[in-house]
A.B. asks: 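There's a structure below that I have some questions on.
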Number of protein chains: 2
Amino acid sequence: MKGLGVSVLGYALLGVLQQQDRSGYDLRKFFSATPMISFSDSPGSIYPALRRLEERGLVKSRIQERSGLHRRRLYRLTPAGAAELRRWQKQPIVRDDIIRGTAELMLRFSFMDQSLGPAEALRFLTAFKAELAAYIPSLRSFLEENGKYMALSGRLALENGINAYESLLDWARNAIKSYEKSQERD
Amino acid sequence: MKGLGVSVLGYALLGVLQQQDRSGYDLRKFFSATPMISFSDSPGSIYPALRRLEERGLVKSRIQERSGLHRRRLYRLTPAGAAELRRWQKQPIVRDDIIRGTAELMLRFSFMDQSLGPAEALRFLTAFKAELAAYIPSLRSFLEENGKYMALSGRLALENGINAYESLLDWARNAIKSYEKSQERD
DNA sequence: AGGTTCATGTAACCCGTTACATGATTTC
DNA sequence: GAAATCATGTAACGGGTTACATGAACCT
């Protein structure tokens, strides 16, 4: 059960396709028109990525003919694609995930309600919180020991990193509360 | 005056080499032992990157023989390399820089005291602040309009994005104050 | 004598970027 | 009739990841 060769962009596509079937053009528009604009909407990235997903059996495409309108190729998530999305989302959170930028972790989380449900989302948040809480002190102590020898810009940049992780930790705590509240209503 | 073909890793190397001459091995250790650990310390990335920088005349290497110790190849920034670093750092800040992740912007800033001095660092921070302040409302209004139709995890992920940009804005304001204070002392 | 650290590389693979290319349909 | 939008591709290029490879010096 390994995640063979799907890029972050690939998972982003799987996540969006989970909601509804879309064409490559739809997906490009989606990326450019929502906060997922951090992904490139260039045809040179999306069309090849969709082709790769189809080769691996994670999506299935069909041509949609529309009178008057352009014909287009609609993509739908296959059961294997949905399973691979869940596998990726459920991976344990390790320090390296935190270090290499939290963008991928947030992507994993953002589709989680639909694919895994709130209980798993809560588990994710709890693990995320723990990993953040474990990592921040190492940054703090680096600043403590080296801050006085660093240039102002360097020190400020480091402080920004610490702030960013701390506001993420706050966010995680609040998100956990949101899920606990929504579970009480059941 | 365009920035022909230097990757983010390349600029990170130029920035670190600005402080002192180092070998490839030193640079790998530096990346793995400091908060710059977000860069890969694998030999497969660093040695080829150094070779490319030397081909472009941005660094110059020499072999250092040390009795008893291992011989190693020390890299030094050339004047052209220092100039290219400054050119990269001085580029205007555009919305796209904000959207594609602020890591590269923070990297640009973190070496700025040594290369461009505090006045330029202040200019950078002011532009950064303005660009952030201009971008955040568009995220807010997206949340306003679409939040009610989004799943909880998706909405929380979006809120996290907004929070992150806002804490960055706070940081920028404080950093500006730090520079203004340090200028008063002149 | 054997394992760890120092030190530097190469090569295959994947994939994102950029640019180019095409054609239908809609709008003014 | 021209411009913008819809819609889907291809191809060259660059560079990061991973894995493989080598050898000297140091420590026990």
Side-chain angles (χ1 to χ4, degrees), chain A residues 2-13 21-33 36-56 58-59 61-75 96-97 99-101 103-104, chain B residues 2-14 21-33 37-56 58-59 61-75 96-97 99-101 103-104:
Chain A
K2 327 165 205 172
L4 259 164
V6 179
S7 66
V8 178
L9 172 61
Y11 289 113
L13 293 169
D21 298 359
R22 291 178 201 264
S23 67
Y25 194 78
D26 285 342
L27 290 160
R28 293 179 57 207
K29 290 288 128 182
F30 186 85
F31 283 161
S32 65
M36 288 190 75
I37 193 171
S38 54
F39 290 95
S40 166
D41 65 341
S42 80
S45 65
I46 277 147
Y47 291 111
L50 286 168
R51 192 174 45 70
R52 287 192 299 269
L53 291 175
E54 184 152 32
E55 279 167 9
R56 284 155 204 178
L58 306 178
V59 300
S61 75
R62 67 179 193 281
I63 304 270
Q64 185 190 32
E65 304 279 358
R66 297 176 300 173
S67 60
L69 288 173
H70 297 265
R71 66 204 312 252
R72 52 193 207 148
R73 184 176 292 273
L74 271 185
Y75 287 88
D96 220 63
D97 295 325
I99 288 171
R100 307 276 148 164
E104 184 172 351
Chain B
K2 328 163 204 175
L4 260 164
V6 179
S7 66
V8 177
L9 173 60
Y11 288 114
L13 293 169
L14 292 179
D21 297 0
R22 292 179 199 264
S23 67
Y25 194 77
D26 285 342
L27 290 160
R28 292 180 56 207
K29 290 289 130 183
F30 186 85
F31 283 161
S32 65
I37 193 173
S38 55
F39 289 95
S40 167
D41 65 341
S42 80
S45 65
I46 276 145
Y47 290 111
L50 286 168
R51 192 174 45 71
R52 287 193 299 270
L53 291 174
E54 184 152 34
E55 281 168 6
R56 284 154 204 181
L58 305 178
V59 300
S61 76
R62 66 179 193 279
I63 303 269
Q64 185 189 33
E65 304 279 359
R66 296 175 303 173
S67 59
L69 289 173
H70 297 266
R71 64 205 311 254
R72 51 190 208 149
R73 183 178 291 274
L74 272 185
Y75 288 89
D96 220 63
D97 295 325
I99 288 173
R100 308 276 148 162
E104 185 173 350

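The sequence lines fix the lettering, A, B, ..., with proteins before strands; numbering per chain opens at 1.
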A.B. asks: Is any side-chain heavy atom of B:Arg62 closer than 4.5 Å to one of B:Asp21?
C.D. replies: yes

A.B. asks: Out of C:dT8, D:dG16, D:dG9, which nucleotide sits closest to the side chain of B:Leu9?
C.D. replies: D:dG16

A.B. asks: Rounded to whole angstrom units, what separation is found between the CZ atom of A:Arg62 and the P atom of D:dT8?
C.D. replies: 13 Å

A.B. asks: Under 4.0 angstrom, heavy atoms only, what part of the nucleic acid is A:Arg56 near: base, sugar-phosphate, or nothing?
C.D. replies: sugar-phosphate

A.B. asks: Using whole Å, what does the distance between atom P of nucleotide D:dT8 and atom OH of A:Tyr75 come to?
C.D. replies: 8 Å

A.B. asks: C:dT18, OP1 or OP2 - any side-chain N/O from A:Ser42 closer than 4.0 Å?
C.D. replies: no

A.B. asks: Identify which one of A:Leu53, A:Val6, A:Val8 satisfies the side chain to side chain contact (heavy atoms under 4.5 Å, CB included) criterion when paired with A:Leu13.
C.D. replies: A:Leu53

A.B. asks: Crowded around A:Arg100 CZ? As in, over 12 foreign heavy atoms under 6.0 Å?
C.D. replies: yes

A.B. asks: If I take atom CZ in residue B:Phe31 and atom P in nucleotide D:dG16, what distance separates them, rounded to the nearest angstrom?
C.D. replies: 11 Å

A.B. asks: Just checking B:Gly24: base, sugar-phosphate only, or nothing, at a heavy-atom cut-off of under 4.0 Å?
C.D. replies: sugar-phosphate

A.B. asks: Rounded to the nearest angstrom, tell me the gap between atom CG in B:Leu27 and atom P in C:dA7.
C.D. replies: 12 Å

A.B. asks: Rounded off to whole Å, could you give me the CG-to-P distance for the B:Leu50 and C:dA7 pair?
C.D. replies: 14 Å

A.B. asks: Can you check whether B:Arg52 has a side-chain N or O nearer than 4.0 Å to OP1 or OP2 of D:dG16?
C.D. replies: yes

A.B. asks: Any side-chain heavy atom of A:Leu9 within less than 4.5 Å of one from A:Phe31?
C.D. replies: yes

A.B. asks: Using heavy-atom distances to pick each residue's nearest nucleotide on DNA chain D, tell me which of B:His70 and A:Arg73 is more 5'.
C.D. replies: A:Arg73

A.B. asks: Using OP1 and OP2 only, check whether a side-chain N or O of B:Ser7 sits under 4.0 Å from D:dG16.
C.D. replies: yes

A.B. asks: According to a strict under-4.0 Å criterion, is A:Tyr47 in side-chain N/O contact with OP1 or OP2 of D:dT8?
C.D. replies: yes

A.B. asks: At what distance, to the nearest 0.5 angstrom, does CZ of A:Arg22 lie from CZ of A:Arg28?
C.D. replies: 14.5 Å

A.B. asks: Counting heavy atoms from C-beta on, name the nucleotide in D:dT8, D:dG16, C:dT17 closest to the side chain of A:Ser45.
C.D. replies: C:dT17

A.B. asks: If each of B:Lys29 and B:Pro48 is mapped to the nucleotide of DNA chain C with the nearest heavy atom, which maps nearer the 5' terminus, i.e. the 5' end?
C.D. replies: B:Lys29

A.B. asks: Whole angstroms only, please: what is the CD-P distance between A:Glu55 and C:dC15?
C.D. replies: 10 Å

A.B. asks: After noting the C-alpha distance and the side-chain angles of B:Leu50 and B:Arg73, does the key distance pass the side chain to side chain contact (heavy atoms under 4.5 Å, CB included) rule?
C.D. replies: CA-CA 11 Å; B:Leu50 286 168; B:Arg73 183 178 291 274; over 6 Å; no

A.B. asks: How many whole angstroms separate atom CD of B:Glu104 from atom C1' of D:dG15?
C.D. replies: 14 Å

A.B. asks: Report yes if a side-chain nitrogen or oxygen of B:Arg66 is closer than 4.0 Å to either non-bridging phosphate oxygen (OP1 or OP2) of C:dA7; otherwise report no.
C.D. replies: yes

A.B. asks: At under 4.0 Å, does any side-chain N or O of B:Ser40 touch on OP1 or OP2 of D:dT17?
C.D. replies: yes

A.B. asks: Between A:Tyr25 and D:dC6, is there a contact of a side-chain N or O with OP1 or OP2 at under 4.0 Å?
C.D. replies: yes

A.B. asks: Nearest-Å distance, CD (A:Gln64) to P (D:dT8)?
C.D. replies: 10 Å

